[in-house]
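See structure below.
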Protein chains: 2
Amino acid sequence: MLALKHLRLIEVLNETGSLTRAATRLFLTQSALSHQLVALEAHYGLMLFVRARPLRLTPAGEYLLALAREILPRIDTAKRDLARLAEDNQPGKLRIAVECHTCYDWLMPAMDAYRTHWPEVEMDLVGGFHTDPIALLAEDKADLVIVSEAQPQKGVVFNPLFRYEMLALMATGHKLADKAYLTAKDFSHDPLITYPAPDRLLDLVRRVLKPSGINPERRHAELTIAIVQLVASRKGLAALPAWAVQSYLERGYVVARPITKKGLWSGLYTAARADDAQRAFHLDFIATLQEQAFMTLPGIEPLLENEYE
Amino acid sequence: MLALKHLRLIEVLNETGSLTRAATRLFLTQSALSHQLVALEAHYGLMLFVRARPLRLTPAGEYLLALAREILPRIDTAKRDLARLAEDNQPGKLRIAVECHTCYDWLMPAMDAYRTHWPEVEMDLVGGFHTDPIALLAEDKADLVIVSEAQPQKGVVFNPLFRYEMLALMATGHKLADKAYLTAKDFSHDPLITYPAPDRLLDLVRRVLKPSGINPERRHAELTIAIVQLVASRKGLAALPAWAVQSYLERGYVVARPITKKGLWSGLYTAARADDAQRAFHLDFIATLQEQAFMTLPGIEPLLENEYE
DNA sequence: TAAATTGATGAATTAAATTCATATATGCTT
DNA sequence: AAGCATATATGAATTTAATTCATCAATTTA
């Protein structure tokens, strides 16, 4: 009894305040965590969390949280050190190319966290836009690319990061705001405000508008905040990841609606050369990206299976 | 991967130098530990132990040993603290009565170790000899008794500690030393040197000599070393636990032989009042006794099942 | 007040760990 | 160097533990 998984549970449960959200972060079900928690509490005859929403720690729980914060980083460091020992000590390189504009928001903190763990790995961002970013791998101009589709390709390994919902943005009081969700046709009257990227990379255009033969007038902006500002100023509609606009929605700057009845969900993957893809420094970067994403981005979901180290 | 059990394995394996001995200490089979070790090594693509006898740590193994020594005591302390939190904070009392003379050898270090973990528990040794030590529990003169037999009794809970072999001791060159093992008849000619205890507590007499109707002349000594000295001086035979005489055998003072073909094996148990027996401070004392015994006494075996916390 | 979300729970399922049986390796003795 | 004793490795069978599934009860939100 009292295993590392219990310490992880307590740490995540304290952060999320909910078994359901903790389950997402730990790639397990709510039921699994409930069983774990109940078993641990029963074993010591103690309550660890007050059963209210959000879940709050009891003093005994606080004690274990302190233990977790002391022990787990030490264990994680040890795992990395072991992985390093197993490698042939040739330091790795991570030149990262990013397809999606919004990604920078969470990529930066992830890179920061990673740098402290792997100071010897040289990191770089490959700037500029590229029609085929995966080609950068073969050309040896990038070592890791973040893309929105895992198109199987020889010598390239993809790893799922997470999936998220794209929301349609409109000005408050826009007539479309009366609808529960938008369809392709709803986009035909207003200009569409997007990042300056080819249609291929715009999920809304590629997967919803183009199949319906709808091609609205365009207007471009470089930054998320600029797009939101244009929408709020009734210059048109936009489609952005839910996690990128959450804060603007809360403040009431704009209104968001799902796209199509089921919602428009996109995924993100990493792509890398096959030989790099199994090295420890590389796998740990992916793990860090995910951890950071699930920690900071609201409403994202796991994408396929994932192993927690 | 990399769980606390792996750290325990590495710690014990480093101490014992052998999977077989480590398995005894951890109440598992050699096979289980071999699988654990191989799995861990395979996961990180590293060797942790050099496969020679005795098993020796590789640098990666040393790293994990250091980790184990850092982490495990912290975890063990936390377990005790949790148990303490669950109790109603009423400190426990441990008045200990011991039936067997030799037991003091390992009881003292165990009590020392325990005292550092549970400073608030008042410990005492109940001196003198008692015809029925278990009665001391009901009389409230002792809280824990170490006995050699678990005679079911109402209100008394027994816990197995370990089993060990009793060896017959004789002077070097004694004619019985030619035999591979001794039988009851072999004890009829020489005096029998024992602790000053009633026959009921002498396993050799109770289980081997008495059933055969053999009753040799007696001679008593208080201390193990005195008994060994008398045997070496050809004053008679003795029967003592293998772990109590190992060092004398190694130095060639006396010779030891098994008693009966299968060997004469005895067990040790703790006995306590039922209400005490499930309290954390009490269970942890038993765990400490066992840990100390398996750590210091050679040739002892587990007795029935046991849960490692 | 209804609807939605969340946690709890027993049973079924799946996965993991351990044992068993046995082969292979190592070290010691003669 | 051969044989013996002891230790480790390993695949398969078994057991045990953990997770999921399906649902209910409780709580919060609309």
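Naming convention: chains lettered A, B, ... in sequence-line order (proteins, then strands); numbering from 1 in each chain.
Using a 4.0 Å heavy-atom distance criterion, B/Leu28 is classed as a sugar-phosphate-only contact. Residue-level contact check: A/Ser34 touches the bases, meaning some heavy atom is under 4.0 Å from a base atom.
Between the C1' atom of D/dA9 and the CG atom of B/Leu13 lies a distance of 14 Å, rounded to the nearest Å. Rounding to whole angstrom units, CE of residue B/Met1 and P of C/dA16 are separated by 11 Å. Separating the CZ atom of A/Arg8 from the C1' atom of D/dT19 is a distance of 18 Å, rounded to the nearest angstrom. B/Met47 places its CE atom 9 Å from the P atom of D/dA9, with the value rounded to the nearest Å. A/Leu37 has its CG atom 10 Å from the P atom of C/dG7, to the nearest Å. Atom CG in B/Leu4 sits about 16 Å away from atom C1' in C/dA17, given to the nearest Å. As rounded to whole Å, 12 Å separates atom C1' of D/dA9 from atom CD of B/Glu41. Remark: P of D/dA17 and CD of B/Gln36 are 14 Å apart, rounded to the nearest angstrom.
Listed for the A/Thr288 side chain is a donor-acceptor partner under 3.5 Å among the backbone atoms of A/Asp284.
Here OG1 of A/Thr296 is found 8.5 Å from CH2 of A/Trp106. Values are rounded to the nearest 0.5 Å.
Using a 4.0 Å cut-off, no side-chain N or O of A/Ser31 falls inside it from OP1 or OP2 of D/dT19. For the pair B/Gln30 and D/dA9, the criterion of a side-chain N or O lying under 4.0 Å from OP1 or OP2 is not met. OP1 or OP2 of C/dG7 sits under 4.0 Å from a side-chain N or O of A/Thr20. Between A/Lys5 and D/dT19 there is a side-chain N or O to OP1 or OP2 distance below 4.0 Å.
Direction of the helix axis in the helix from C/dT1-D/dA30 to C/dT30-D/dA1 shifts by 40° between the two five-pair termini, rounded to 10°.
For B/Glu291 and B/Arg25, the salt-bridge test fails: no basic side-chain N is under 4.0 Å from an acidic carboxylate O.
Judged as a salt bridge (charged side-chain N to carboxylate O under 4.0 Å, His left out), the pairs with a partner in residues 37-58 of chain A (not counting sequence neighbours) are, in order, A/Glu41-A/Arg51. The list of salt bridge (charged side-chain N to carboxylate O under 4.0 Å, His left out) pairs with a residue in residues 241-251 of chain A, not counting sequence neighbours, is empty. The stretch residues 167-186 of chain A participates, sequence neighbours left out, in these salt bridge (charged side-chain N to carboxylate O under 4.0 Å, His left out) pairs: A/Lys179-A/Asp186.
Scanning for ring pair (Phe, Tyr, Trp, His ring centres under 6.0 Å) contacts around A/Phe187 gives an empty result, with sequence neighbours left out. For the side chain to side chain donor-acceptor pair (under 3.5 Å) test, no residue two or more places apart in sequence or in another chain qualifies with B/Tyr253. For A/Asp105, the salt bridge (charged side-chain N to carboxylate O under 4.0 Å, His left out) criterion is met by no residue, not counting sequence neighbours. Applying the side chain to side chain contact (heavy atoms under 4.5 Å, CB included) criterion to A/Arg234, with sequence neighbours excluded, gives A/Ala171, A/Thr172. Partners of A/Arg257 by side chain to side chain donor-acceptor pair (under 3.5 Å), not counting sequence neighbours: none found. By the side chain to side chain donor-acceptor pair (under 3.5 Å) test, A/Thr16 is found to be paired with no residue, residues two or more places apart in sequence or in another chain being considered.
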With B for base contact, S for sugar-phosphate-only contact and - for none (protein heavy atoms under 4.0 Å), nucleotides 23-30 of chain C reads --BBS---
Got a list of protein N/O to nucleotides 12-16 of chain D N/O distances below 3.5 Å?
none

